[in-house]
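From a predicted model like this one, the values you see are computed outputs, not experimental measurements. Letters A, B, ... mirror the listed sequences (proteins, then strands); counts begin at 1.
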There are 2 protein chains.
Amino acid sequence: MRREELKGHLDLILLAALEGEPAHGYGIIRAIDELTGGTFDLAEGTIYPALQRLEVAGHLASAWETVGGRRRRVYRLTTPGQRELARRRQQWGQFALAMTRLVETP
Amino acid sequence: MRREELKGHLDLILLAALEGEPAHGYGIIRAIDELTGGTFDLAEGTIYPALQRLEVAGHLASAWETVGGRRRRVYRLTTPGQRELARRRQQWGQFALAMTRLVETP
DNA sequence: GGTGTATACATAGTATAACGAGGTATGAGG
DNA sequence: CCTCATACCTCGTTATACTATGTATACACC
């Protein structure tokens, strides 16, 4: 899938991915790939900078973990991040509704 | 609405706007604004270059018209443009479905 | 012990496209 | 005349997803 479409929606995806429980970048990539049946096969160069942006913005917080001898940076949703997630969810709903109105075959 | 979200979706919007009958840029802007209840209030600097891109790509064709003493550049959907519209509609469906799966509150 | 694969992180540079700001011109209404 | 709506255009900015590349560990296989 052409990735230009993702612009402006990636943050919502990542915040939503971390809603339930903390996770690390590589794991998020695979989870998204699996959940969407391969529709979103995100590059590492897409995810890692995006997670960093969200942490700088205060929406995520990270901590190092070691599992099976490998280091992971595990991200969790902060309280401001939860608010941001709600805000973006609503925004997505509005966007999708508008798109549907414009694009639906009458 | 933040416009970053539009990236990659504007072409679909414009092709769909021209599906029924030809229209001109300024009119398309107002039609989209009205249909979406103000959610998409697109700037002229967004629309005009986009229409030109689509014409260069062969998906639209344009002709000058004069209505009430004012010149309009009227765009119509070409046959390749209709195929492109169908393709992008399907793509949007896939995108929206994937987003819904990732973002829906469980 | 070497090779390949999956896991896991990171960054530097590029490309693209929507947008902001500015410019031009006509017609109608007061 | 002045303002407003109509109608077009273009240049420069900016945000951000992506490509390419590099690093390192664990594990299986021969």
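Formation of a donor-acceptor pair under 3.5 Å by the B:Thr66 side chain with backbone atoms of B:Gly69 is not found in this model.
In this entry the distance linking CD1 of A:Ile13 with C1' of D:dT16 reads 13 Å, nearest Å. Between B:Leu42 atom CG and D:dC8 atom C1' the separation is 16 Å, expressed in whole Å. Between the P atom of C:dA15 and the CZ atom of B:Arg53 lies a distance of 17 Å, rounded to the nearest Å. The separation between A:His9 atom NE2 and D:dT16 atom P is 12 Å, rounded to whole Å. Across the protein-nucleic acid pair, A:Ile28 atom CD1 and C:dC9 atom P stand 9 Å apart, rounded to whole Å. In this entry the distance linking CD of A:Glu5 with P of D:dT16 reads 17 Å, nearest Å. Atom CD1 in B:Ile47 sits roughly 15 Å away from atom P in D:dT6 (whole-Å rounding). Going from atom CG of A:Leu14 over to atom C1' of D:dT16 covers 13 Å, rounded to whole Å.
Contact annotation for A:Gly69: backbone-only contact, meaning every heavy-atom pair under 4.0 Å involves sugar-phosphate atoms and none involves a base. Across all strands shown, A:Gly68 has heavy atoms under 4.0 Å from sugar-phosphate atoms exclusively, and none from any base.
The only member of B:Thr78, B:Ile28, B:Leu85, B:Leu54 that meets side-chain contact (heavy atoms from CB on, under 4.5 Å) when paired with B:Leu18 is B:Ile28.
When hydrophobic side chains of Ile, Leu, Val, Met, Phe, Trp and Tyr are connected at separations under 4.5 Å, B:Val56 ends up as a singleton with no cluster partners.
Regarding contacts with the backbone of D:dC8, every side-chain N or O of B:Gln52 stays at 4.0 angstrom or more from both OP1 and OP2.
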Detail all sub-3.5 Å separations between protein N/O atoms and N/O atoms belonging to nucleotides 2-8 of chain C.
residue	atom	partner	partner atom	Å
C:dT7	OP1	A:Arg30	NH1	3.0
C:dT7	OP2	A:Tyr26	OH	3.3
C:dA8	OP1	A:Arg72	NE	3.0
C:dA8	OP1	A:Arg72	NH2	2.9
C:dA8	OP2	A:His24	NE2	3.4

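If you check the side chains of B:Glu19 and B:Gln82, you find no donor sitting under 3.5 Å from an acceptor.
Annotation: salt bridge (Lys or Arg N to Asp or Glu O under 4.0 Å) contacts of B:Arg53 (sequence neighbours excluded): B:Asp11.
In terms of polar N and O atoms assigned as donor or acceptor, the side chain of B:Lys7 never comes within less than 3.5 Å of the base of C:dA18 in a complementary pairing.
Where A:Pro49 and B:Asp11 each meet DNA chain C at their nearest nucleotide, the meeting point lying more 5' is that of A:Pro49.
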Test side chain to side chain contact (heavy atoms under 4.5 Å, CB included) on A:Leu14 and A:Tyr75; report intermediate values, then the result. CA-CA 10 Å; A:Leu14 294 177; A:Tyr75 289 90; over 6 Å; no
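Looking at A:Glu84 and A:Arg88, a side-chain N of the basic residue comes within less than 4.0 Å of a carboxylate O on the acidic one, giving a salt bridge.
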